[in-house]
Chemist: 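Just passing along the structure, written as structure tokens.
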Amino acid sequence: MLEDFEAAVAQHKDMVYSFAYYSLGNRQEAEDVTQDVLLKLWEHRDRLSADGAAPWLNRVTRNTSYDLLRRKRTKNRFVMNDGEEAMVLFAEETAPGPHRLAEQSDLRFQVQKALQSLPEPYRSAMVLREIQELSYAQVGEVLEIPVNTAKTHVHRGRKMLRDSLRRARS
């Protein structure tokens, strides 16, 4: 049983990490989410089939990433409302430094930033289809939507991504 779990981790850890990374845009947070998701895999190892593991892991990764984003949003609201000094610290934290400005000129960084700006469910659909290279049927399964809706989300996500990249270049 331990060997089966280790094989599942080896097979799926990169998929989980990349989905978390493209959802969150932060390596440390993606690593934390990956660890949490793999712990959930261990807890549910007896209930998952080999075929059902990847869609289940993608759903759990998406939900765990969303939970983290929600907690961060709540924390940032608290920080902004916690007096003038905290507001200044929050503003300094979000201001780009010289290194960050140099990174923004890199196309890969711009694409990632544009991907981060996509609203849900388009961001998840794009990550699953374009980065994870899942079929539309698999995207629909992970997002729990019909295949045609998955196709629509990917199509609209691509359009929004193109528009965002055009605006960034102008």
Side-chain angles (χ1 to χ4, degrees), residues 4-77 94 104 106-169:
D4 293 340
F5 174 72
E6 289 174 346
V9 167
Q11 180 181 0
H12 299 294
K13 69 180 179 180
D14 292 338
M15 174 193 71
V16 170
Y17 174 80
S18 68
F19 190 4
Y21 179 72
Y22 283 100
S23 295
L24 300 167
N26 180 296
R27 291 185 192 281
Q28 182 62 46
E29 290 173 349
E31 289 171 1
D32 292 345
V33 165
T34 301
Q35 184 175 2
D36 290 346
V37 170
L38 294 176
L39 283 172
K40 290 175 185 175
L41 175 63
W42 173 257
E43 293 167 359
H44 293 87
R45 68 191 178 279
D46 297 333
R47 291 176 243 155
L48 290 173
S49 67
D51 294 340
W56 183 84
L57 285 167
N58 275 317
R59 270 194 302 278
V60 172
T61 304
R62 179 190 66 185
N63 293 339
T64 305
S65 297
Y66 289 172
D67 290 345
L68 180 61
L69 288 171
R70 266 188 237 110
R71 283 193 305 272
K72 281 174 48 178
R73 216 174 306 138
T74 302
K75 180 181 174 186
N76 286 345
R77 279 191 205 125
T94 59
Q104 288 176 348
D106 179 34
L107 179 61
R108 182 176 175 155
F109 181 78
Q110 289 180 8
V111 169
Q112 182 182 347
K113 185 176 176 184
L115 187 60
Q116 289 293 313
S117 72
L118 292 180
E120 285 301 333
Y122 308 108
R123 180 186 325 146
S124 290
M126 289 291 294
V127 169
L128 292 168
R129 177 71 181 144
E130 302 300 338
I131 295 168
Q132 298 285 340
E133 298 180 348
L134 298 182
S135 69
Y136 288 110
Q138 292 170 317
V139 171
E141 184 180 349
V142 170
L143 297 179
E144 299 174 318
I145 57 177
V147 174
N148 285 336
T149 305
K151 289 178 181 180
T152 301
H153 288 346
V154 170
H155 175 75
R156 289 180 182 165
R158 285 177 182 150
K159 183 180 181 328
M160 286 186 257
L161 192 63
R162 256 191 317 271
D163 293 345
S164 179
L165 289 171
R166 280 188 190 127
R167 282 192 305 274
R169 293 188 130 189

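Atom set for the values below is all heavy atoms of this structure, side chains included, hydrogens, waters and symmetry mates excluded.
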Chemist: Do any N or O atoms from the side chain of Gln138 and from the backbone of Ser135 form a donor-acceptor pair under 3.5 angstrom?
Modeler: yes
Chemist: Kindly give the heavy-atom pair with the smallest separation between Tyr136 and Val147, and that separation in Å.
Modeler: CB-CG1, 4.0 Å
Chemist: Output yes when Arg62 and Glu120 qualify as a salt bridge under the 4.0 Å nitrogen-oxygen rule, no when they do not.
Modeler: no
Chemist: Give a yes or no on whether the backbone of Ser23 and the side-chain of Arg123 come within a donor-acceptor separation of less than 3.5 Å.
Modeler: yes
Chemist: For the residue pair His153 and Tyr122, categorise the inter-ring angle as parallel (less than 30°), tilted (30 to 60°) or perpendicular (more than 60°).
Modeler: perpendicular
Chemist: Can any side-chain N or O of Arg129 pair as donor or acceptor with the backbone N or O of Val154 at less than 3.5 Å?
Modeler: no
Chemist: Between Ser124 and Pro121 (side chain of the first, backbone of the second, donor and acceptor by atom type, cut-off under 3.5 Å), is there such a pair?
Modeler: no
Chemist: Considering non-hydrogen atoms only, spot the tightest contact between Pro55 and Val142 and give its length.
Modeler: CA-CG2, 3.8 Å
Chemist: Can you find a side-chain donor-acceptor pair between Lys40 and Thr64 that sits under 3.5 Å?
Modeler: yes
Chemist: To the nearest 0.5 Å, what is the distance between CG on Leu143 and CG on Leu128?
Modeler: 5.5 Å
Chemist: Measure across Ala53 and His12 and return the closest heavy-atom pair with its distance rounded to 0.1 Å.
Modeler: CB-NE2, 4.0 Å
Chemist: Under 3.5 Å, side chain of Arg166 to main-chain N/O of Asp163, donor-acceptor pair present?
Modeler: no
Chemist: For the residue pair Leu115 and Met126, what are the closest heavy atoms and their distance?
Modeler: CD1-CB, 3.9 Å
Chemist: Any side-chain to backbone donor/acceptor pair from Gln116 onto Tyr22? Under 3.5 Å, distance only.
Modeler: yes
Chemist: Measure the spacing between NE2 of His155 and CG of Asn148 and express it to the nearest 0.5 Å.
Modeler: 13.0 Å
Chemist: At what distance, to the nearest 0.5 angstrom, does CD of Gln11 lie from CG of Leu57?
Modeler: 9.5 Å
Chemist: Looking at Ser117 and Ala114, would you say the former's side chain and the latter's main chain have a donor-acceptor pair under 3.5 Å?
Modeler: yes
Chemist: Write down the atom of Ala8, the atom of Leu41, and the distance for their closest heavy-atom approach.
Modeler: CB-CD2, 4.1 Å
Chemist: Rounded to the nearest 0.5 Å, how far apart are OH of Tyr17 and CG of Leu38?
Modeler: 13.0 Å
Chemist: Has Arg27 got its NZ or CZ under 6.0 Å from the middle of the six-membered ring of Tyr21, at an angle within 45 degrees of the ring axis?
Modeler: yes
Chemist: About how many Å separate CG of Leu161 and CZ of Arg156, when rounded to the nearest 0.5 Å?
Modeler: 16.0 Å
Chemist: Mind checking the CD-NZ spacing from Glu6 to Lys13? Nearest 0.5 Å is all I need.
Modeler: 11.0 Å
Chemist: Restricting to non-hydrogen atoms, name the atom on Thr61 and the atom on Ala20 that form the minimum distance, rounded to 0.1 Å.
Modeler: CG2-N, 3.8 Å
Chemist: Assess whether side chain to side chain contact (heavy atoms under 4.5 Å, CB included) is satisfied between Asp36 and Val60, documenting all intermediate values.
Modeler: CA-CA 9 Å; Asp36 290 346; Val60 172; over 6 Å; no
